Amino acid sequence: MTGAATAAGPHPVLVALGRAADALTRHVAIALGVIVAVQVVATVALFFSVNHNGWLTYQGGDQIWLVTGGWLLGDGLVGSAFTSYGWPMLLAPLTWITGSSSIELLPLTTVLQVGVLGPIATVAVYDIGARLAGRLAGLWCAAVFVAAPFVAIPFFVDRYHDSWVDQLLPQALGLTQQADFPSVVAVLVAAAFTVRALEAGAQREAVLAGTLAGVALALKPANALFLAAPAVAFVLARRWRHAVLFGIALVPALVALTIWKAKGLGTVPLFAQSSTTIAAGLGDPVLAESWVERTFDIDFETWKQNMSNLREFTFSARIVQFLPLAGAVAVARRSVPVAGLLLTWLLAYVVVKGSASVATIESGSYWRLVMPALPAFALLAAAVPLLVPTFLGRMGERLAPLPARRVGTRAIVAVVVVLSLIPIAVLLVASPSRAQSVDDPPIRVVAPSLVVDTINVPVDEDVVRLVVRRTEGGNELTWTDSTSRADTFYRVYRASHSGGFPDMVCERRGVDRCELRSETLGTTREHRFLDPDPPADAVYRVGVAANWLDETDRGDVFALSPPVAPRP
């Protein structure tokens with residue numbers, strides 16, 4: 001009886017699965033829309049499940065540099081170019097709405113990343129899968145990509161939960177203002193167009209791939225590591241003309257980055273010598289060593305320790321290590337150049353950034369550094385079912401690669417102008433930020449931003465407005481704070497040249513890089529502070545600070561008041 005049933009046709013379950021697969025491929029837009037909706041809902045649910053203070057989740061501090069740079073750029077100024085120009089340039093028009101406060105900007109950046117960039121990333125993953133093995137494979141890859149961050153949660157031991165869920169996932173899913181998530185999206189879209197460019201005659205797609213790779217460099221110059229992946233893919237596919245067009249399309253981003261660094265640092269880190277000295281008291285890691293040394297900071301002892309920590313904090317390090325290798329074999333059965341692209345993309349970050357001296361799994365910094373390669377891991381993991389015996393035969397035409405539609409010339413021109421040429425024009429017009437001398441003793445110099453605890457912070461009375469009055473009990477400080485998107489607290493600073501505390505010290509490094517040198521009088525949640533024994537030449541500032549736990553012993557100042565001297 002069993003033999004007769006088998007001869008009669010496939011199992012009913014397989015028939016049902018085949019019909020479901022056919023239905024999905026007939027309604028790809030609906031299926032992809034459902035996946036994107038699940039992605040957004042899951043990200044929102046994560047936001048409410050992690051520790052947060054208003055709109056503020058865990059962030060590393062770089063977001064303040066980035067928002068300050070965007071705010072200055074919105075005013076036509078280039079600030080200290082510790083970060084790259086891509087994310088500040090995108091933030092600049094948003095700061096016209098919210099001002100300089102990174103906290104007030106959070107709703108806009110969160111909606112932009114979760115509601116726009118996240119779906120773009122998912123569509124890019126779908127496109128890679130569809131080019132490789134058809135619409136059904138594209139939907140499967142998109143679903144794996146969306147589910148992977150959440151499915152990975154129980155893969156880690158309990159004591160690592162906070163590092164993965166509270167610290168990494170908000171960054172990986174676009175809930176912070178750091179450039180990591182936009183960088184991942186740019187790399188992913190560049191990879192999608194590279195896959196399209198591997199087809200014969202796809203020169204326009206090669207230009208788009210190079211342009212998007214340039215955007216990835218603009219967001220984080222360390223994404224130069226990704227460039228090895230398209231290079232390998234083009235060589236394996238013997239697409240020499242496509243490779244040349246890809247390289248040409250990169251040039252505008254390199255030009256813009258050079259202008260940004262030259263104006264903001266007074267030097268281009270790529271050519272900076274490791275012997276460059278650091279001015280006393282104004283340590284600048286950007287100038288401490290060359291860009292090559294910082295990007296390719298390979299330490300094999302760190303690599304060994306990270307592999308050991310991978311075993312310590314996960315239930316099976318072997319799965320993490322061998323899953324992408326198996327996926328690469330599976331992809332190679334369909335396309336060797338695409339397999340080369342995905343595996344090189346992953347290994348470039350895992351080997352180079354994963355062995356950097358600052359990358360540790362224990363602290364969680366490892367995941368942030370290799371984050372641009374995590375989509376490659378998801379794609380390779382999603383390809384493993386292609387290794388199942390008879391799977392390809394049973395699926396038949398359902399896994400036939402989907403030819404890419406050619407991109408029109410007008411679309412190419414528009415993308416190149418917006419993403420490559422406009423940034424160059426903006427940076428050429430922008431002026432380096434300068435400190436200004438004032439004739440208002442005891443205030444001597446003012447600057448639009450100051451470095452506070454190694455972070456460049458905007459000086460903006462629209463965020464915090466300070467008034468200082470002389471009273472019988474001392475100098476009384478009162479202020480207002482316009483922050484409404486998170487709970488804040490305040491740090492009170494006092495400068496006094498007679499007491500050995502200048503308000504700030506500036507050094508010209510392209511821009512005037514000014515650092516706050518005032519003494520810290522205290523931290524408070526009140527909007528009032530009394531200085532009972534002030535020197536005669538006292539000058540005050542108030543810094544607004546916040547953190548995801550709303551604790552006053554941690555968190556960075558994200559806005560400063562201008563200097564204010566006491567008045568009767």
Side-chain angles (χ1 to χ4, degrees), residues 53-54 56 64 68 71 98-104 281 435-453 455-506 512 514-547 549-568:
N53 171 16
L56 182 62
I64 301 173
T68 302
W71 176 65
T98 64
S100 66
S101 171
S102 59
I103 302 295
E104 296 304 290
Q436 301 292 328
S437 300
V438 295
D439 187 17
D440 186 19
I443 300 171
R444 302 182 180 185
V445 181
V446 295
S449 65
L450 290 177
V451 175
V452 182
D453 297 328
I455 296 174
N456 200 33
V457 176
V459 177
D460 188 0
E461 66 177 354
D462 289 336
V463 179
V464 54
R465 188 180 300 271
L466 173 64
V467 175
V468 183
R469 295 185 178 87
R470 294 190 183 97
T471 67
E472 292 182 0
N475 289 338
E476 182 182 61
L477 288 69
T478 57
W479 59 88
T480 58
D481 173 16
S482 64
T483 306
S484 61
R485 304 300 183 178
D487 293 329
T488 58
F489 55 94
Y490 310 98
R491 295 196 175 110
V492 180
Y493 302 97
R494 183 182 69 190
S496 169
H497 281 274
S498 64
F501 288 96
D503 179 49
M504 60 182 176
V505 173
C506 296
D512 288 344
C514 300
E515 182 174 341
L516 183 70
R517 288 295 182 86
S518 302
E519 62 179 320
T520 303
L521 294 184
T523 300
T524 179
R525 289 189 183 275
E526 304 296 326
H527 289 76
R528 178 183 178 277
F529 189 91
L530 180 65
D531 182 10
D533 188 24
D537 60 345
V539 174
Y540 299 90
R541 292 180 188 264
V542 169
V544 190
N547 59 77
L549 296 176
D550 193 26
E551 297 176 351
T552 58
D553 61 344
R554 64 176 76 199
D556 300 307
V557 169
F558 63 85
L560 271 176
S561 71
V564 177
R567 297 289 183 254

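Because the structure is a prediction, the values reported are computed rather than measured.
Salt bridge absent: R525 and D487 never bring a charged side-chain N and a carboxylate O closer than 4.0 Å.
V459 places a side-chain heavy atom less than 4.5 Å from the side chain of R541. Residues L466 and E461 fail the side-chain proximity criterion, which asks for heavy atoms closer than 4.5 Å. With contacts defined as side-chain heavy-atom distances shorter than 4.5 Å, the pair I64/V457 qualifies.
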(request) I would like to know whether R469 and N475 meet side-chain contact (heavy atoms from CB on, under 4.5 Å); could you show each step before the answer? (result) CA-CA 6 Å; R469 295 185 178 87; N475 289 338; over 6 Å; no
(request) Any chance you could lay out the side-chain contact (heavy atoms from CB on, under 4.5 Å) test for I443 and D503, step after step, and finish with the verdict? (result) CA-CA 8 Å; I443 300 171; D503 179 49; 6.0 Å; no
(request) Start with the C-alpha distance between V539 and F501, add both sets of side-chain angles, then the distance that settles side-chain contact (heavy atoms from CB on, under 4.5 Å), and finish with yes or no. (result) CA-CA 10 Å; V539 174; F501 288 96; over 6 Å; no
(request) Might you work through the side-chain contact (heavy atoms from CB on, under 4.5 Å) test for W71 and D460, ending with a clear yes or no? (result) CA-CA 10 Å; W71 176 65; D460 188 0; 4.0 Å; yes
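Side-chain atoms of S484 and E104 form a donor-acceptor pair, as typed in the model, at a separation below 3.5 Å. N456 and T68 share no donor-acceptor pair across their side chains, judged by distance under 3.5 Å alone.
A donor-acceptor pair under 3.5 Å links the side-chain atoms of S561 to the main chain of V542, judged by distance alone.
Note on ring orientation: taking the six-membered ring where Trp is involved, the planes of W479 and Y490 are perpendicular (angle over 60°, cut-offs 30° and 60°).
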